[in-house]
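Working notes, beginning with the structure itself.
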Amino acid sequence: MLARFRPLMATAPTTKAAPAVAFSTAAERDGYAQYNHTDACQHLRWTARESYEYMYARPWSKVVDFYAMLVRTGAGAAGLADLFQKDEKGVTCDTNGEEPLTSSEKQMAVKSSKGRGGRWERANFKIVLSYHGGSFDGWQKQPDLNTVQGLVEKRLGQFVDERKAKQLQDRSLPIEGCATVAGRTDKGVTALQQVCSFYTWRKDVQPSDIKDSINEAAPDTIKSLVVSEVSREFHPNFSAKWRRYLYIFPLDEDGKSKLGDEQSSTILENPECNIASRSFDVAKVDKIIRQLEGKMLSYKIFARDTQASRSAGPATECFMFHSRAAVTKLCSADENCKEGTTVMCIELVANRFLRKMVRVLVATAIREAAAGADEDALLNLMEATCRRATAPPAPAEGLCLVDVGYEDFNEQRCFILD
């Protein structure tokens, strides 16, 4: 099957006939300008096209249905606890660390902001959302697309104060609220406890009114789990201390994931890299991604579609609190877990994530595990100067934003532990 995948994705095909020598990589053998890896490995690394076609050929429907069920039932992050035989209360926090203000705290907040004017006079609401990625074209509002932000801001329009409404009308714009989010998600990415905020100068708006309005919009694809009035200093993005993502990857019944029944028809001279492996071991993936824990690293090589100004320096640095992989069974409501779909779950918790960073990390870790690379393979790739050194992003269908934390990170809340 692997032989059928070539020729591969490339930036510039070579017009000259290939010389009669053995090449060090499959990409060079086929005459394409792919990245030339120098790290030792036991097998030939998958090329960009092999990795892409393999990832998208997996049976993603079970994962998509599972995420849809969690959103539909409003289970939030607690719905994932059963996957790992965890106590729901031990791994989730309903309001993500930012508790609603009591009546006395509201009075203190108002008193401390007297005479300050501006934003200190407004009511600030924190909204915890759960939405199904396959039903939307991502978070960010875009013309003529069904986005989460577009839907939420449309529902928040009825709570806009008169002054803001008049300004919008004078500019011939629709009356909509403004939702600030903890982190934008791409098309296809599900969120179980996404956090956004909305402010208004109206004093008669209640959290329950906002919650009911959002829940009436599309009950099966988006739910408002918690709405609370919070301090005026709260910002869903800048106040966050960590974000947690989970990637669910379908495996075969033996707990591995295979490329096919046929081996590559080409044998290279290097005896350690003569064929591309047809499967990978989840334990190897776990060892590779664990090397990222507890380190502040620049993940620019794992980012995609970023602005040039964000491709160097502190803007690309992330601290990984937790990174683990494990095998479990994915079960539907009417399915016995012993007969469920075998999946690999990768749990990543960091202070921030770059665009498409999680999906590239997952795909690259799987590629390196299949190649039998060393455990520090991802760390070695940090020094690469070309993003072709990493694999194409894994499908968005497997990715889920679990929750956002506003308290100090506590590893005991994680799903995958030793």
Side-chain angles (χ1 to χ4, degrees), residues 71-72 74 95-96 98 100-101 106 109-110 113-114 116-240 401 404:
V71 173
R72 186 170 56 253
T95 57
N96 292 357
E98 181 77 12
L101 293 179
K106 286 182 182 179
V110 172
S113 63
K114 263 191 174 182
R116 302 181 71 172
R119 68 186 183 95
W120 299 98
E121 298 179 0
R122 70 194 184 195
N124 196 22
F125 295 92
K126 174 184 173 183
I127 306 170
V128 181
L129 293 172
S130 178
Y131 54 84
H132 183 232
S135 303
F136 296 95
D137 295 303
W139 166 270
Q140 187 174 6
K141 183 165 59 176
Q142 301 178 65
D144 303 322
L145 291 180
N146 180 32
T147 65
V148 181
Q149 183 182 16
L151 184 147
V152 170
E153 291 188 346
K154 185 176 181 180
R155 305 302 297 186
L156 293 176
Q158 59 186 294
F159 306 110
V160 170
D161 55 275
E162 294 183 3
R163 180 182 176 185
K164 177 74 175 290
K166 187 177 186 305
Q167 290 176 344
L168 293 172
Q169 285 180 335
D170 292 343
R171 297 169 60 188
S172 300
L173 295 175
I175 300 178
E176 297 178 346
C178 179
T180 305
V181 71
R184 294 175 294 181
T185 53
D186 292 331
K187 178 180 179 180
V189 178
T190 294
L192 297 182
Q193 288 183 198
Q194 172 72 281
V195 180
C196 67
S197 67
F198 162 74
Y199 64 84
T200 179
W201 275 266
R202 282 178 51 180
K203 306 300 182 183
D204 59 335
V205 178
Q206 299 297 319
S208 58
D209 299 333
I210 298 176
K211 181 177 180 179
D212 293 342
S213 178
I214 295 175
N215 288 341
E216 291 171 359
D220 292 333
T221 59
I222 183 171
K223 280 187 179 294
S224 176
L225 304 180
V226 178
V227 179
S228 55
E229 185 173 355
V230 293
S231 62
R232 296 176 177 94
E233 293 89 347
F234 174 77
H235 190 286
N237 185 8
F238 302 141
S239 299
L401 171 61
V404 183

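Bear in mind that the values here come from a model prediction, so they are computed numbers and not experimental data.
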D161/R163 ion pair, N-O < 4.0 Å
no

Determine, stepwise, if the pair L156 / I127 fulfils side chain to side chain contact (heavy atoms under 4.5 Å, CB included).
CA-CA 11 Å; L156 293 176; I127 306 170; 4.3 Å; yes

Would you say Q194 and V181 make side-chain contact, with heavy atoms under 4.5 Å?
yes

Could you pull out the closest heavy-atom pair between S224 and V227, with the gap in Å?
OG-CG2, 3.1 Å

Can you tell me how far apart NZ (K141) and CD (E153) are? Round to the nearest 0.5 Å.
4.0 Å

Kindly say whether F159 contributes a backbone atom to a donor-acceptor pair with the side chain of T200 at under 3.5 angstrom?
yes

Check: V148 and I222 side chains under 4.5 Å, non-hydrogen atoms
yes

Do any pairs count as a salt bridge (charged side-chain N to carboxylate O under 4.0 Å, His left out) and have a residue in residues 208-217, sequence neighbours left out, and if so which ones?
R155-E216

dist Q149:CD -> Q140:CD (nearest 0.5 Å) comes out at 6.5 Å

Nearest atoms (heavy-atom pairs only) where P236 meets A240:
O-CB, 3.6 Å

N237 and A182: which non-hydrogen atoms are nearest, and at how many Å?
OD1-O, 3.4 Å

Mind checking the CD-CG spacing from Q142 to D137? Nearest 0.5 Å is all I need.
7.5 Å

Taking C-beta and beyond as the side chain, do S228 and P207 meet within less than 4.5 Å on heavy atoms?
no

Test side chain to side chain contact (heavy atoms under 4.5 Å, CB included) on V404 and Q193; report intermediate values, then the result.
CA-CA 7 Å; V404 183; Q193 288 183 198; over 6 Å; no

Taking atom NZ as the centre, does K187 end up with more than 12 heavy-atom neighbours from other residues, nucleotides or ligands that are less than 6.0 angstrom away?
no

Examine distances only and state if a side-chain atom of T190 and a backbone atom of H132 form a donor-acceptor pair shorter than 3.5 Å.
no

Using a 4.5 Å cut-off on heavy atoms from C-beta on, say whether the side chain of T180 contacts that of H235.
yes

Students often mix this up, so state it plainly: with edges at 30° and 60°, are the rings of F198 and F125 parallel, tilted or perpendicular?
parallel

Between Q158 (side chain only) and S213 (backbone N and O only), is there a donor and an acceptor less than 3.5 Å apart?
no

Are the side chain of N124 and the backbone of F234 linked by a donor-acceptor contact shorter than 3.5 Å?
yes

Distance from I175 atom CD1 to K166 atom NZ, nearest 0.5 Å?
11.5 Å

Between D220 and R72, does any NZ, NE, NH1 or NH2 come within less than 4.0 Å of an OD or OE carboxylate oxygen?
no

Looking at side-chain heavy atoms only, is the closest gap between V160 and E176 below 4.5 Å?
no

Side-chain donor/acceptor of R122 to backbone N/O of R232, under 3.5 Å
no

With sequence neighbours excluded, tell me which residues meet ring-ring contact (aromatic ring centres under 6.0 Å, His included) with Y199.
W201

Atom pair SG (C178) and NZ (K164), whose distance is rounded to the nearest 0.5 Å:
6.0 Å

For W139, which of V189, L401, L129 qualifies under side chain to side chain contact (heavy atoms under 4.5 Å, CB included)?
L129

Do L145 and F136 have side chains that get closer than 4.5 Å, going by heavy atoms?
no

Where do V71 and A191 come nearest, in terms of heavy atoms and distance?
CG2-O, 4.5 Å

What distance do I210 atom CD1 and E229 atom CD have between them, rounded to the nearest 0.5 Å?
9.0 Å

